[in-house]
Amino acid sequence: MPGTSSLRVCRADYANPVHASALVSLLDAYARDPMGGGEPLSEFARANLVPALAARPQAFSVLAFGETAGGGGELPVGLVNCIEGFSTFACRPLVNVHDLAVLPQYRGQRVAEKMLALVEEIARERGACKLTLEVLQGNAGAIKLYHRVGFANYQLDPVMGQAQFLQKWLR
């Protein structure tokens, strides 16, 4: 199993072709994973994702690169896509972790934890009051990670229970 001793975590530069390619390939790998829906990214998403993210100042991404087996270069191993939103109660920005992906052979090596640390740093620079994310109930490993780094289920009053994440597709 590859190690993370030479792991490099950075904010993605959407204009950098290496970063753009890494972002699309990692998101496609995540999309193909059962936790990402089990389907590859559409050709439309593959072709347009990076320019669409770059056009949105509220979006940013973090990438993790590990050393290749021969030590001759870097391999993209992890990705976090974030979208800034707004908390009306706090009257401050918030940052939603929209996608978090680590290649299977690098999981369990704290790659995601290192990427989330940089996400938190960027969120603080933006004046954000909190980080938010969604996670599937069956993704025990991710839930354990999120709790370890300080995330908790959202609730206002325990009597009212925890919030649920809902969606409605607009087609």
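All heavy atoms count here, side chains included; hydrogens, waters and symmetry mates do not.
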Colleague: In chain order, what residues pass the side chain to side chain contact (heavy atoms under 4.5 Å, CB included) check against Ala101, with sequence neighbours excluded?
Modeller: Tyr30

Colleague: Working to the nearest 0.5 Å, report the span between NE2 of His147 and CG of Asn153.
Modeller: 4.5 Å

Colleague: Quick one: side-chain hydrogen bond (donor to acceptor under 3.5 Å, both in side chains) pairs with a partner in residues 9-23, sequence neighbours left out?
Modeller: Tyr14-Ser61

Colleague: OG of Ser42 to CG of Leu49: how many Å apart, nearest 0.5 Å?
Modeller: 9.5 Å

Colleague: Hey, what do you get for CD (Glu134) to CG (Asp99), rounding to the nearest 0.5 Å?
Modeller: 9.5 Å

Colleague: Enter the distance from Thr132:OG1 to Phe165:CZ here, rounded to the nearest 0.5 Å.
Modeller: 9.0 Å

Colleague: Can you confirm whether Val119 sits close enough to Leu100 that some side-chain heavy atom of one is under 4.5 Å from a side-chain heavy atom of the other?
Modeller: no

Colleague: In the single-linkage hydrophobic clustering (I, L, V, M, F, W, Y; side-chain heavy atoms under 4.5 Å), do Val135 and Leu94 co-cluster?
Modeller: no

Colleague: Find the distance between CG (Leu53) and CG (Asn81) and round it off to the nearest 0.5 Å.
Modeller: 5.5 Å

Colleague: Quick one: does Ile122's side chain get under 4.5 Å of Val95's, heavy atoms only?
Modeller: no

Colleague: If you link ILVMFWY side chains whenever their heavy atoms are less than 4.5 Å apart, which other residues fall into the same cluster as Leu156? By chain and number, please.
Modeller: Tyr154

Colleague: Does atom CZ of Arg8 have more than 12 heavy-atom neighbours from other groups under 6.0 Å away?
Modeller: yes

Colleague: Side-chain contact, heavy-atom cut-off 4.5 Å: Lys168 with Leu166?
Modeller: no

Colleague: To the nearest 0.5 Å, how far apart are CG in Leu79 and OG in Ser25?
Modeller: 9.0 Å

